[in-house]
Amino acid sequence: MRAVQVKEFGGPEVLVPVELPDPVPGPGEVVIDVAYADTIFVETQVRSGWGREWFQVTPPYVPGGGVSGVVGAVGAGVPGEWLGRRVTSYVTGSYAERAVAAVSALTVVPDGLDLRGAAALVHDGVTANGLLDLTAVGPGDRVLILGASGGMGTLLVQLAHEREARVVAVARGDAKLALVRDLGADDVVDATRDDWVSAARKALGGAVEGADVVLDGVGGGLGAAALPLTVDGGRFSAHGAPSGGFSPLDTEEATRRGIELFGIADVQFGPTDLRRFTSDAYAEAAAGRLRPVIGQVFPLERAAQAHAAIEGRGLVGKVVLEV
């Protein structure tokens, strides 16, 4: 089968098309004929050699962890009715024509949602739904979203709006700001402005107001600068690190002000929550209430160009690979 491997740690050029043996399903497993592979920013960081204390992979390896497609083969103990069904799943190594998954890990893609849109929700739909549950976003909450124009950020804007929160979205440049406003943001702030923190505070209600919830999908100094924008007793989730590291938050300040902090470990959900959050995201998308934003689709063999586009930050929403 066709696949793409990381031959060594480095830049996008280390992603190389290869031919690998077709996978064979074991007991309780299926083989998915992959239609689309999801991509997330952390895959570019792992490919570069970042985060080896968390991501223990050794080249050569097939990157990626989420696919949409059709069940093409089943292993022992798997009912034949799974054959031909449209599904998504987490897998190990998704940049390939075929991938093995446990039948218990499959989610059926509902009518009304295409496989490309489903792939864009494999990771980000789960995390976005989980974050809003984790931070208990509800009607009237003022929610500040950093990195609002990315794959997950665009979902957070829509889902927080659906929960009747007041959404202030932080993104870079006019095109991205226009997108997140169209998706339901009540106000937008350009992160390229030197005074973006002041602009965000004004959007949140002024000097005596702030954000009940901050959803930081960026990390680094941008995330750290948002902590003072959080109200006393608020909630702050530092779950993203595309800036190169998670936000260096002043935990003493947070404790003193009663701010509840959440990190990447808090969005590692168990099987029950994964199924619930995935199904909820697919149902919302199939009903037309949630729009996965896909900035560009690359063929599998151009995974290197896809990574370069992701790292270039010029695109909005998701990048997916078409197999």
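Quick caveat: nothing in here was measured; it's all calculated off a predicted structure. Position 1 is the first residue of the sequence, and the numbers go up from there.
- Rounding to the nearest 0.5 Å places CG of Leu159 at 9.0 Å from CD1 of Ile145.
- Salt bridge Asp114/Arg116: absent, no basic N to carboxylate O contact under 4.0 Å.
- Not a single donor-acceptor pair under 3.5 Å links the side chain of Arg142 to the backbone N or O of Val167.
- One hydrophobic cluster, built from ILVMFWY side chains closer than 4.5 Å, cannot hold both Val24 and Val31; they sit in different ones.
- Residues Ala136 and Asp141 come closest through the heavy atom pair O-OD2, 3.5 Å.
- A donor-acceptor pair under 3.5 Å links the side-chain atoms of Ser94 to the main chain of Gly65, judged by distance alone.
- Applying the ring-ring contact (aromatic ring centres under 6.0 Å, His included) criterion to His123, with sequence neighbours excluded, gives Tyr90.
- Crowding of Glu13 atom CD: a count of heavy atoms from other residues, nucleotides or ligands under 6.0 Å exceeding 12.
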Output a table of donor-acceptor pairs, distance under 3.5 Å, between side-chain atoms of residues 270-278 and any protein atom two or more places apart or on a different chain; print 'none' if there are none.
{"unit_1": "Asp273", "atom_1": "OD1", "unit_2": "Arg276", "atom_2": "NH2", "d": "3.0"}
{"unit_1": "Arg276", "atom_1": "NH1", "unit_2": "Asp133", "atom_2": "OD2", "d": "3.2"}
{"unit_1": "Thr278", "atom_1": "OG1", "unit_2": "Leu274", "atom_2": "O", "d": "2.7"}

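- Across every non-hydrogen atom of Ala200 and Leu229, the tightest pair is CB-CD1, 3.9 Å.
- Under the 3.5 Å distance criterion, the side-chain polar atoms of Asp195 are left unmatched by any main-chain donor or acceptor of Ser198.
- Once rounded to the nearest 0.5 Å, the distance linking CD of Gln56 with CZ of Arg52 reads 11.5 Å.
- Listed for the Ser68 side chain is a donor-acceptor partner under 3.5 Å among the backbone atoms of Leu115.
- In the displayed structure, Asp232 atom CG is contacted under 6.0 Å by more than 12 heavy atoms of other residues, nucleotides or ligands.
- Asp280 CG to Asn129 CG: the interatomic distance, rounded to the nearest 0.5 Å, is 5.5 Å.
- If you take NE2 on His307 and CZ on Arg302, they are separated by 13.5 Å, rounding to the nearest 0.5 Å.
- The shortest side-chain heavy-atom distance between Leu155 and Leu290 falls under the 4.5 Å cut-off.
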Margin query: Would Met152 and His239 count as a side-chain contact (heavy atoms from CB on, under 4.5 Å) here? Give the steps.
Written below: CA-CA 11 Å; Met152 186 166 64; His239 53 270; 3.5 Å; yes
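- Transitive grouping of hydrophobic side chains (ILVMFWY, heavy atoms separated by less than 4.5 Å) keeps Val91 and Val100 in distinct clusters.
- Counting heavy atoms from C-beta outward, Val46 and Glu43 have side chains that stay 4.5 Å or more apart.
- Between Val70 and Leu83 the shortest side-chain heavy-atom distance does not fall below 4.5 Å.
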Next item on the list: Apply side-chain contact (heavy atoms from CB on, under 4.5 Å) to the pair Leu146 and Leu215, showing each step before the final yes or no.
Entry: CA-CA 6 Å; Leu146 308 184; Leu215 300 174; over 6 Å; no
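- For the pair Ala191 and Val170, the tightest heavy-atom approach, listed with the atom from each and the gap, is CB-CG1, 3.7 Å.
- For the pair Val122 and Gly66, the tightest heavy-atom approach, listed with the atom from each and the gap, is CG1-CA, 3.8 Å.
- Ion pair Glu260/Arg235 not flagged as a salt bridge, since none of the NZ, NE, NH1 or NH2 atoms sits closer than 4.0 Å to an Asp/Glu carboxylate oxygen.
- Placement of Leu134 and Leu156 within a single hydrophobic cluster is found when ILVMFWY residues are connected by side-chain heavy-atom separations under 4.5 Å, directly or transitively.
- No hydrogens or angles considered: nothing links the side chains of Tyr95 and Thr39 as a donor-acceptor pair under 3.5 Å.
- Taking the charged nitrogens against the carboxylate oxygens, Arg2 and Glu301 do have a contact shorter than 4.0 Å, which makes a salt bridge.
- Under a cutoff of 6.0 Å and an axis angle of 45°, Arg85 and Trp82 form a cation-pi pair.
- Leu183 and Leu131 end up in the same hydrophobic cluster when Ile, Leu, Val, Met, Phe, Trp and Tyr side chains are linked at under 4.5 Å.
- For CD of Glu164, the number of neighbouring non-hydrogen atoms (other residues, nucleotides, ligands) closer than 6.0 Å is 12 at most.
- Across Arg291, Arg163, Arg289, a single residue satisfies salt bridge (Lys or Arg N to Asp or Glu O under 4.0 Å) together with Glu284, and that is Arg289.
- Under the 4.5 Å side-chain heavy-atom criterion for Ile, Leu, Val, Met, Phe, Trp and Tyr, Val18 and Leu321 are members of the same hydrophobic cluster.
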Notebook entry, point to check: Given Asp124 and Lys318, is the salt bridge (charged side-chain N to carboxylate O under 4.0 Å, His left out) satisfied, shown in steps?
Noted result: CA-CA 9 Å; Asp124 291 345; Lys318 293 289 295 182; 3.2 Å; yes
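- When side chains are defined from C-beta on, Glu209 does not count as touching Arg201, because their heavy atoms never get closer than 4.5 Å.
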Item checked: Derivation and outcome, side-chain contact (heavy atoms from CB on, under 4.5 Å), residues Arg181 and Val188 -> CA-CA 7 Å; Arg181 191 182 287 280; Val188 296; 3.2 Å; yes
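- Taking OG1 of Thr192 as the reference point, atom CG of Asp194 lies at 8.5 Å (rounded to 0.5 Å).
- The existence of a salt bridge linking Glu311 and Arg47 is confirmed by a sub-4.0 Å separation between a basic side-chain nitrogen and an acidic carboxylate oxygen.
- A pairwise comparison of heavy atoms in Val297 and Glu322 identifies CG1-CB, 3.7 Å as the closest pair.
- Classification of the Phe9-Tyr61 ring pair by plane angle, with boundaries at 30° and 60°, yields tilted.
- Rounded to the nearest 0.5 Å, atoms CG (Leu144) and CG (Asp212) are 11.0 Å apart.
- In plain terms, the two heavy atoms of Ile32 and Leu106 that are nearest each other are CD1-CD2, 3.9 Å.
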